[in-house]
Asker: 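I have a structure here, written as structure tokens, and I will follow up with some questions on it.
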Amino acid sequence: MADLSGVKLRLVEGVQDAMDLMTWLGERREGNIAIDTESGGLNPHLDRLRMVQFGDMQYGWAVPWERWGGVVLEVFQKLRQNRERVTMHHGCFDWRFLQVHAGITPPWSMYDDTMAMAALHDPLRPKGLKHLASRLVDKTAVAGQKALDEGMAKNKWTWDTVPIDYPPYWVYSALDPVLTAHVDHILGDQVRAEAGRAYDLELATNRVCADMMLAGLRIDKAYIHEAIQKFEAFSKETRIWLKATHAITSPMSSGQLKRAWEAMGEDILFFTDAGAARFDKEALTFYQNSSPNPRVQQLARYLLAVRHADKMKGSYLENFLELADADDLIHASINTLAARTGRMSVTDPALQTLPRDDKVIRGSFVPRPGFVFISCDLDQVEARMGAHFSEDEGMIAAFMEADSPGGRDFFCGIASIIYDEDIRDKKDPRRQPVKNTVYGSLYGGGAATMAKAAGVPYEVMAPVKKRFDEMFPGLRTMSDRLTNEAKAQGDVPFIRTPLGRKLVADKGREYTQITNALIQGHAAEYFKGTLINLSAAGLGEYMRLPIHDECLLEVPIAEAKDILHVVEECMSDKTNYRVPITAGGNIMEDRWRKM
DNA sequence: AGCGCGGGCGCG
DNA sequence: AAAGCGCGCCCGCGCT
């Protein structure tokens with residue numbers, strides 16, 4: 001814990017303040033200068049920049065952007081001249097505001113990030129600056145946040161309207177870089193010692209992803225409006241029918257559905273763990289296909305259809321329109337450290353979760369004139385990581401065979417065994433369930449779970465699972481070894497990736513979590529590395545979106561073929577793992593969808 | 001009215 | 001002995 005009582009905070013509101021700030025900037029100090037920003041909202045393309053704050057462990061300065069922007073630019077110029085390292089908390093966010101509003105090019109090679117430090121230091125605990133500060137720096141440091149919250153509520157102010165000179169606003173804004181400097185001081189060396197390679201990877205990933213966010217993806221508004229109309233018309237009509245025929249006003253209300261089922265005299269066959277009637281996709285699909293009552297079949301079919309339509313419209317299409325900027329660009333937010341495993345997530349909108357098989361939704365995205373989309377994904381990367389870490393000879397051999405000329409796709413090979421038939425077509429509908437089955441088994445799932453994933457009866461899956469386990473005994477050995485290793489750590493079970501990243505499991509759930517954590521976690525690190533490779537190959541300006549093991553790029557039409565080869569190279573690694581890590585991509589002619 | 005939570009469903 | 005993992009968004013529902 002540090003003592004913050006001597007910290008001095010200042011709001012720049014005159015020439016003398018600005019001069020004092022520049023003097024402070026030139027002083028020698030321990031550690032980096034820390035920077036933070038305040039904005040009117042979360043989206044740099046829709047919201048304004050309001051304040052830029054600088055600080056170290058003793059001093060914090062708040063500079064109003066709209067009045068004293070020149071001072072901000074001067075500070076950045078000086079920082080650049082002096083080759084000064086700067087620290088930010090979630091700089092990926094602030095750099096975007098500084099880039100969009102102040103035209104500042106982030107000095108990526110001279111930057112540290114306390115949020116990355118926090119996530120690597122403790123992947124389970126909250127990594128917000130306030131949480132960290134109260135835990136690591138000074139319990140009372142964030143007490144004033146309450147005054148700001150109350151003041152904003154009382155005056156009905158938002159982040160866009162709270163007056164700059166309202167003391168709780170500027171004071172706690174000026175304090176943020178001070179807290180950041182302290183967190184840097186406390187965590188920096190430790191994280192570099194324990195997980196230095198993972199930390200460097202995260203900083204580089206921040207840079208690449210910031211550029212992707214800035215570039216954005218273009219939507220076709222007319223196309224989206226038309227698609228919304230179609231889903232809406234269907235939904236409206238179906239809801240009228242549901243109400244008139246079954247007194248259902250909401251297709252999501254299991255209470256209403258239960259009453260409808262009872263009214264039809266239909267047995268309820270599916271229940272949640274808590275014991276409530278369950279009407280999810282699995283249950284409704286069963287009723288639709290297997291109920292003896294045609295009315296039940298019909299109702300289930302309409303419920304599934306209207307839910308699908310509402311999901312497409314509400315979760316995706318309408319969000320696209322709401323989140324687009326004036327140039328019809330969507331700058332989704334990429335969280336480079338979202339999952340406890342180190343995986344990234346994408347929000348606003350959640351572009352990693354667009355329906356894979358429904359061409360309508362992805363079709364909302366169109367390349368800029370003269371460009372095409374290409375996408376490239378890693379081939380079975382988690383299964384290959386499984387082969388690598390387990391060193392299972394059978395699994396390594398299976399991949400070598402799959403990679404050999406004329407070799408059969410890995411999952412097709414497994415499918416052939418399960419269905420006792422030579423399956424070679426990657427489009428075979430049985431491949432996806434088999435893929436789920438392989439991952440289910442890899443991560444400690446039982447035969448029942450795997451049967452469900454593959455859509456076959458338990459009796460069919462049980463011997464297949466047995467055979468699978470006999471084929472690749474090293475997987476079980478690996479899970480046992482990792483489970484023991486994690487448990488041996490004590491209170492918080494954890495292991496580390498080859499880059500030093502700490503991967504934690506919940507107590508009692510080590511067996512099913514920790515193997516997944518290592519494989520998912522290192523696959524995520526590998527994937528981040530491929531993004532850096534792509535950027536280093538000069539493709540940074542074409543990169544658009546990371547999707548766990550896939551990268552979407554938007555490239556000039558004439559160069560698409562050549563670039564695709566480079567992308568595949570950048571994403572492959574045939575030397576550093578026990579099986580080759582390979583990648584394959586394709587070019588999409590008109591929209592973000594395969595023809 | 002706003003919040004948190006679980007259910008449901010989209011992805012890897 | 002047996003054990004799927006990680007996310008984000010929308011909805012209904014109970015609570016404040």
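Computation of the quantities below employed the complete heavy-atom set of this structure, encompassing side-chain atoms and omitting hydrogens, waters and symmetry-equivalent molecules. Letters A, B, ... mirror the listed sequences (proteins, then strands); counts begin at 1. Here the structure is a predicted model, which means the values were calculated and not measured.
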Asker: Going by ring-ring contact (aromatic ring centres under 6.0 Å, His included), name the pairs with one or both residues in residues 500-525 of chain A, residues two or more places apart or in two chains.
Answerer: A:Phe389-A:His522, A:His522-A:Tyr577
Asker: Would you mind reading off the distance between A:Tyr316 atom OH and C:dC9 atom P, rounded to a whole angstrom?
Answerer: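 Value for this atom pair: 10 Å.
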Asker: Do A:Asp348 and A:Ser333 have side-chain N/O donor and acceptor atoms under 3.5 Å apart?
Answerer: no
Asker: With the side chain of A:Thr353 defined as its heavy atoms from C-beta on, choose the nearest nucleotide among B:dG12, B:dG10, C:dG4.
Answerer: B:dG10
Asker: Salt bridge check: are A:Asp425 and A:Lys427 linked by an N-O gap of less than 4.0 Å?
Answerer: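 The answer is no: the pair does not qualify as a salt bridge.
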Asker: Sort me out a list of protein N/O and nucleotides 5-9 of chain B N/O pairs below 3.5 Å, or just none if empty.
Answerer:
| from | atom 1 | to | atom 2 | distance (Å) |
| --- | --- | --- | --- | --- |
| B:dG8 | OP1 | A:Phe279 | N | 3.3 |
| B:dG8 | O3' | A:Arg307 | NH1 | 3.4 |
| B:dC9 | OP1 | A:Lys281 | N | 3.0 |
| B:dC9 | OP1 | A:Arg307 | NH1 | 3.2 |
| B:dC9 | OP2 | A:Lys281 | N | 2.6 |
| B:dC9 | O2 | A:Lys311 | NZ | 3.2 |

Asker: Do any of residues 484-519 of chain A sit with a heavy atom less than 4.0 Å from DNA chain C, and if so which?
Answerer: A:Arg509, A:Tyr511, A:Thr512, A:Gln513, A:Asn516
Asker: Side chain of A:Arg362: nearest nucleotide among C:dG6, C:dC13, B:dC11?
Answerer: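 Side chain of A:Arg362 sits closest to B:dC11.
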Asker: Tell me: CG of A:Asp357 to P of B:dG10, nearest whole Å?
Answerer: 10 Å
Asker: Grab the CZ-C1' distance between A:Arg431 and B:dG12 for me, whole Å please.
Answerer: 13 Å
Asker: For C:dA3, give its Watson-Crick or G-U wobble partner with both distances under 3.5 Å, or none.
Answerer: none
Asker: Can you check the A:Met461 CE to C:dG4 P distance for me, whole Å?
Answerer: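 About 13 Å, once rounded to whole Å.
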Asker: Would you be so kind as to tabulate the donor-acceptor pairs closer than 3.5 Å made by side chains of residues 446-466 of chain A, with sequence neighbours excluded?
Answerer:
| from | atom 1 | to | atom 2 | distance (Å) |
| --- | --- | --- | --- | --- |
| A:Lys465 | NZ | A:Asp469 | OD1 | 3.4 |
| A:Lys465 | NZ | A:Asp469 | OD2 | 3.1 |

Asker: Which residues pass the salt bridge (Lys or Arg N to Asp or Glu O under 4.0 Å) test with A:Glu382, not counting sequence neighbours?
Answerer: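 For A:Glu382, the residues satisfying salt bridge (Lys or Arg N to Asp or Glu O under 4.0 Å) (neighbours in sequence not counted) are A:Arg343.
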Asker: Could you tell me whether the side chains of A:Thr238 and A:Ser235 share a donor-acceptor contact shorter than 3.5 Å?
Answerer: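 The criterion, which ignores hydrogens and geometry beyond distance, is not satisfied for A:Ser235 and A:Thr238.
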Asker: Under 4.0 Å, heavy atoms only, any strand: does A:Asp348 hit a base, just the sugar-phosphate, or nothing?
Answerer: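 Sugar-phosphate contact only - A:Asp348 comes under 4.0 Å of backbone atoms but never of a base.
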Asker: Under 4.0 Å between a side-chain N/O of A:Thr449 and OP1 or OP2 of C:dG4, yes or no?
Answerer: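 Indeed, a polar side-chain atom of A:Thr449 lies that close.
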Asker: Considering just the side-chain nitrogens and oxygens of A:Thr347, establish if one lies under 4.0 Å of OP1 or OP2 belonging to C:dG8.
Answerer: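 Result: no.
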Asker: In whole angstrom, what separates A:Met385's CE from C:dG6's P?
Answerer: 19 Å
Asker: For A:Glu382 and C:dC5, what is the distance between atoms CD and C1' respectively, to the nearest whole Å?
Answerer: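 Distance, rounded to whole Å: 8 Å.
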Asker: Which residue pairs pass the ring-ring contact (aromatic ring centres under 6.0 Å, His included) test with at least one member in residues 469-499 of chain A, sequence neighbours excluded?
Answerer: A:Phe468-A:Phe472
Asker: Taking the side chain as C-beta and beyond, is there a heavy-atom pair between A:Arg496 and A:Lys502 under 4.5 Å?
Answerer: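 In contact.
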Asker: By the 4.0 Å heavy-atom rule, please label A:Asp358 as base, sugar-phosphate, or nothing.
Answerer: nothing
Asker: For the side chain of A:Ser345, starting at C-beta, report the closest nucleotide among C:dG4, C:dA3, C:dG8.
Answerer: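 The answer is C:dG8.
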Asker: Judged by modelled atom types alone, do A:His331 and A:Asn43 share a side-chain donor-acceptor pair under 3.5 Å?
Answerer: no
Asker: If you check the A:Pro355 side chain, which of C:dA3, B:dC11, C:dG8 turns out closest?
Answerer: B:dC11
Asker: Under 4.0 Å, heavy atoms only, any strand: does A:Gly444 hit a base, just the sugar-phosphate, or nothing?
Answerer: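 A:Gly444: base contact, heavy atoms under 4.0 Å.
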Asker: Look at the side chain of A:Arg343 and the base of B:dG12, then say whether one donor and one acceptor between them are separated by less than 3.5 Å.
Answerer: yes
Asker: Between A:Asp310 and A:Arg239, is there a salt bridge with N-O shorter than 4.0 Å?
Answerer: yes
Asker: Can you check the A:Arg340 CZ to C:dG4 P distance for me, whole Å?
Answerer: 17 Å
Asker: Salt bridge or not for A:Asp506 and A:Arg340, using N-O below 4.0 Å?
Answerer: yes
Asker: Could you say whether A:Arg476 or A:Ser253 is positioned toward the 5' end of DNA chain C, judged by the nucleotide with the nearest heavy atom to each?
Answerer: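 Its nearest nucleotide being more 5', the pick is A:Arg476.
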Asker: Atom CD of A:Glu525 to atom P of C:dG6: distance rounded to whole Å?
Answerer: 16 Å
Asker: For A:Gln520, report the nucleic acid contact type (base, sugar-phosphate, nothing); a contact means any heavy atom under 4.0 Å.
Answerer: base
